[in-house]
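See below for the structure under consideration.
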There are 2 protein chains.
Amino acid sequence: MREIKVKKGQILQHKGDINTRVYKVKSGLLRSYSIDDKGKEHIYMFAPENWIIADNCETSTPCNLFIDALEDSVLLISEKEEEIRNAKVKSLVNRLAALQDRILGLMSSPSIERYKKFLETYPAITQRVPQRMIASYLGITPEALSRVRKEISLEK
Amino acid sequence: MREIKVKKGQILQHKGDINTRVYKVKSGLLRSYSIDDKGKEHIYMFAPENWIIADNCETSTPCNLFIDALEDSVLLISEKEEEIRNAKVKSLVNRLAALQDRILGLMSSPSIERYKKFLETYPAITQRVPQRMIASYLGITPEALSRVRKEISLEK
DNA sequence: GTTGTGCATTGATGTAGATCAAGAAATGAA
DNA sequence: TTCATTTCTTGATCTACATCAATGCACAAC
């Protein structure tokens, strides 16, 4: 378990790496994302202070995700094996609950609802990343998010 | 931890219930699903033999999911608290990995790719449930799945 | 200052998949 | 068996969101 500092833009993990590390964010902001066949980025998660981020793939298989820093950050790095020994079941179950919500949202809610929920759930993130990244997290294009925001502003 | 038998169609858990139970399937097949504002069902998961199924919500809060039996089944019921004590971190991490795949698939793959992957990943389930339920799991309508299947049959 | 470079917005058009409606085929019950 | 119910398919139309393209803005580098 050691501490490192990374600069904004630095890539910690590439897709295809065999990476056995887990990152805990002490300060700053990381994200994980995939790049699809057409070269499009899809953000899987944001990790601000006190969050833990890693690819959930098997310890020995190549990662599916990239992880990089959206802000200058300070991280604690630990090995997955160690993490598996220390992880609290409770916090994993909470994470399962969040993913369940995300899946059901993707299947049943239109983009405007997903965006409103994001604003409620992660108000701090909204201030810290460009809108196109929120769009990517929501599974829509920046253009679509821009129109959603316009529609919300007209509702008021 | 007790064993019960349930008939096909029997509902084990309603959305809104405070349900602290976890079901392990000894034989048969369960599913969990939500119903959205427009009354549409969205299947969250299928649980065949040896799978564990439950709503991932907080122990004390109302569930988001329905759980029912798609076949006559034999189940082992345990309490969530007990389950949290006994759960293996490894199996939870595997589940996280599966959900990660599902989310990235919903965001980046067209329905035909999601269906092909489903066939590879859960070939047994395909034989046991009506197609409209697979459509529901994939986040598309039965009509759309029917057309996807037609397209696949023409590819060959 | 000027000249990028990335981001947000807006408009025009395209498309995957939804919805609606009708038949056909399979399944189950009496 | 027959009748009813559910499931699957097919066609016509609709819509949410994507794509493509142009413009305006902010902010950083020089």
Side-chain angles (χ1 to χ4, degrees), chain A residues 7-9 29 31 33 35-43 46 68-72 103-119 125-155, chain B residues 7-10 29 31 33-43 46 68-72 103-119 125-155:
Chain A
K7 286 282 175 194
K8 175 173 175 171
L29 181 61
R31 67 164 174 168
Y33 60 100
I35 296 186
D36 70 23
D37 315 331
K38 293 165 208 138
K40 264 186 64 175
E41 269 179 34
H42 302 275
I43 294 182
F46 296 108
D68 67 10
L70 299 179
E71 300 174 357
D72 294 351
I103 288 169
L104 293 172
L106 283 168
M107 294 203 296
S108 63
S109 304
S111 56
I112 188 167
E113 297 306 326
R114 300 208 299 281
Y115 178 59
K116 284 178 177 171
K117 187 169 172 188
F118 182 91
L119 291 182
I125 302 285
T126 311
Q127 315 303 322
R128 290 164 71 179
V129 306
Q131 281 172 29
R132 62 181 188 80
M133 290 196 185
I134 297 175
S136 172
Y137 179 93
L138 296 174
I140 59 176
T141 58
E143 295 94 326
L145 179 56
S146 175
R147 286 179 243 256
V148 157
R149 283 165 49 82
K150 191 178 183 182
E151 188 176 342
I152 290 175
S153 73
L154 296 177
E155 280 175 5
Chain B
K7 287 280 176 197
K8 175 173 174 172
Q10 189 171 334
L29 181 62
R31 67 164 174 168
Y33 60 99
S34 74
I35 296 185
D36 70 23
D37 315 331
K38 293 165 208 140
K40 264 187 64 173
E41 269 178 36
H42 302 275
I43 295 182
F46 296 107
D68 67 10
L70 298 180
E71 300 173 357
D72 294 352
I103 288 168
L104 292 171
L106 283 168
M107 294 202 297
S108 63
S109 305
S111 56
I112 188 168
E113 297 306 325
R114 301 209 298 281
Y115 178 60
K116 284 178 177 173
K117 186 168 173 190
F118 183 91
L119 291 181
I125 303 284
T126 311
Q127 316 302 321
R128 291 164 70 179
V129 306
Q131 281 172 30
R132 62 178 189 82
M133 289 195 186
I134 296 174
S136 172
Y137 179 93
L138 296 174
I140 60 176
T141 59
E143 294 94 326
L145 179 56
S146 175
R147 287 180 243 259
V148 158
R149 283 164 50 81
K150 190 176 182 184
E151 189 175 341
I152 290 175
S153 72
L154 295 177
E155 280 175 7

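Taking a 6.0 Å sphere around NZ of A:K116, one finds it holds more than 12 heavy atoms contributed by other residues, nucleotides or ligands.
Between B:P110 and A:M133, the residue whose closest nucleotide on DNA chain C is further toward the 5' end is A:M133. Mapping A:E143 and B:A144 onto DNA chain D by nearest heavy atom places B:A144 closer to the 5' end of the strand.
When the P atom of C:dT15 is taken as reference, atom CD1 of B:I112 falls 17 Å away, rounded to whole Å. At whole-Å resolution of the value, CZ in A:R149 and C1' in C:dA8 are 9 Å apart. Following rounding to the nearest Å, A:L154 (CG) and C:dT9 (P) show an atom-to-atom distance of 12 Å. Computed from coordinates, the B:L106 CG to D:dC17 P distance equals 14 Å when rounded to whole Å. Atom-to-atom, CZ of B:R128 to P of C:dT27 comes out at 17 Å; the value is rounded to the nearest Å. Between the CD atom of B:E151 and the P atom of D:dG11 there is a distance of 14 Å, given to the nearest Å. Rounded to whole angstrom, the span from the CG atom of B:L145 across to the P atom of C:dA16 amounts to 17 Å. Atom pair B:Q131:CD and D:dT7:C1' shows a separation of 9 Å (rounding to whole Å applied).
Within the structure, a side-chain polar atom (N or O) of B:S111 is placed less than 4.0 Å from OP1 or OP2 of C:dG17. Residue A:T141 has a polar side-chain atom (N or O) positioned under 4.0 Å from OP1 or OP2 of D:dA18. Put simply, A:K150 has a side-chain N or O that comes within less than 4.0 Å of OP1 or OP2 on C:dT10.
Ion pair A:E71/A:R31 not flagged as a salt bridge, since none of the NZ, NE, NH1 or NH2 atoms sits closer than 4.0 Å to an Asp/Glu carboxylate oxygen.
Residue side chain B:R147 reaches the base of C:dT19 through a donor-acceptor N/O pair under 3.5 Å, judged by distance alone.
Classification of the A:F46-A:F118 ring pair by plane angle, with boundaries at 30° and 60°, yields perpendicular.
Under the 3.5 Å distance criterion, the side-chain polar atoms of A:S136 are left unmatched by any main-chain donor or acceptor of A:R132. Here the side chain of B:D68 pairs no donor or acceptor atom with the backbone of B:Q10 at under 3.5 angstrom.
Backbone-only engagement by B:K40 is indicated by non-hydrogen atom pairs under 4.0 Å involving sugar-phosphate atoms exclusively.
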